[in-house]
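In what follows, a structure is listed as structure tokens, so that the remarks can point back to it.
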Protein chains: 2
Amino acid sequence: MIKYSELKNILKQHNLRVTDCRMDVLEYFIKNNQAFSFKNLEDEFEKYDRVTLYRTLNSFTENGVFHKIPSDTGVVTYGVCSTTCSPQSHNHNHMHFQCNCCGKIECLAEDQIPEIKLPHYEVMEVDMIIKGMCPQCI
Amino acid sequence: MIKYSELKNILKQHNLRVTDCRMDVLEYFIKNNQAFSFKNLEDEFEKYDRVTLYRTLNSFTENGVFHKIPSDTGVVTYGVCSTTCSPQSHNHNHMHFQCNCCGKIECLAEDQIPEIKLPHYEVMEVDMIIKGMCPQCI
DNA sequence: ATTATTAATGCAACAATATTGCAATTATAT
DNA sequence: ATATAATTGCAATATTGTTGCATTAATAAT
């Protein structure tokens, strides 16, 4: 269980004001340790206006608290950035796992991403989406 | 330049009727050798109704002619599947490159995808999104 | 602790994106 | 050439995301 003061510090470290909505959303992501879409949040936090949730996701993304996770469904999900990310130096290499059974999306350790070399290209960022079965569903 | 009869064969091989819209869309993808979004098609093919283009993309995807390319913008783009793909056996490993400069999205050779091993997980499909600069933009 | 300043929230309206039903049309098989 | 079955275009609808603005709340300054 993450402490209130820790959540607060994360917001402050990213130059974000501390508000109820931001605290609740951030806590929800961290305590579940998985990625969520806007729709997930809308269902979970009916007490907040849709627009506020959109803006929360946007400000978190712009300020390096969250990163967007690519998907081929048109539905973007968001994950908490590793602690080394900031608005200035954002770690752009991510590895994500999506379970075909329960649908859960997780962020996996970045150091597992193999180095990619492409002749004639300049590689700046690598994002891997791995689909399959998670330990709980096997 | 791809021949009319070849395009026709691709459609027939995937159990799709040959229509003007499908021929035009497929030719557009193949001759440009890159990925396009719905929006791209809508701009290119004003002669066809938006709904028809949506349905064309969906039928191509469902029948293994196209595959969807993940993105973190919420805009899905589509790429032509390799010739070995069919509705029955679809090759699910893809490597895509998106140029941060010109925006072009390309499908890269599948054999360049490194094998991923995740303890406790069952990996079924790997999709890599690589961002950077393409040869033309460097 | 109180006040001034600045930012976030909620609401309404709007914009963009995607889907469905159905009649008319077109493609394929016979 | 005709029958059958699928695709198209249009209209309506649903879903998803954004903007402007008055009110409210959070931080900084006193």
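Here is how names work: the chains are called A, B, and so on, in the same order as the sequence lines, proteins then strands, and each is numbered from 1.
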Look at the aromatic rings of B:H96 and B:H94 and report parallel, tilted or perpendicular, splitting at 30° and 60°.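 B:H96 vs B:H94 ring planes: parallel.
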
Could you walk me through whether A:F60 and A:Y78 pass the ring-ring contact (aromatic ring centres under 6.0 Å, His included) check? CA-CA 9 Å; A:F60 279 7; A:Y78 298 80; 9.5 Å; no

Can you list the steps and then say if B:F66 with B:F29 is a ring-ring contact (aromatic ring centres under 6.0 Å, His included)? CA-CA 10 Å; B:F66 286 177; B:F29 273 76; 4.3 Å; yes

Atom CG in A:D49, atom CZ in A:R55: separation rounded to 0.5 Å?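 One finds 8.0 Å between CG of A:D49 and CZ of A:R55.
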
With rounding to the nearest 0.5 Å, note down the distance linking CG in B:N32 to OH in B:Y28.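 That separation rounds to 5.0 Å.
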
On DNA chain C, nearest-nucleotide positions of B:V76 versus B:K8: which is more 5'?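 First, find each residue's nearest nucleotide; the 5'-ward one identifies B:V76.
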
Just jot down the side-chain hydrogen bond (donor to acceptor under 3.5 Å, both in side chains) partners of A:K68, sequence neighbours excluded, or say none.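 Partners of A:K68 by the side-chain hydrogen bond (donor to acceptor under 3.5 Å, both in side chains) criterion come out as none, since no residue qualifies.
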
Using a 4.0 Å cut-off to any heavy atom of chain B, which nucleotides of DNA chain D are the first and last in contact, reading 5' to 3'?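 Contacts span D:dA5 to D:dA11, reading 5' to 3'.
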
B:C137 side chain reached by B:K104 side chain, heavy atoms, under 4.5 Å: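 Side-chain contact under 4.5 Å: no.
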
Against A:I10, only a single residue in A:I30, A:L16, A:V80, A:V18 fulfils side-chain contact (heavy atoms from CB on, under 4.5 Å); can you say which?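 Testing each of A:I30, A:L16, A:V80, A:V18 against A:I10, the sole residue satisfying side-chain contact (heavy atoms from CB on, under 4.5 Å) is A:I30.
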
Let me have a per-nucleotide readout for nucleotides 5-15 of chain C, 5' to 3', with B, S or -, counting only protein heavy atoms under 4.0 Å. -BSSBBBB---

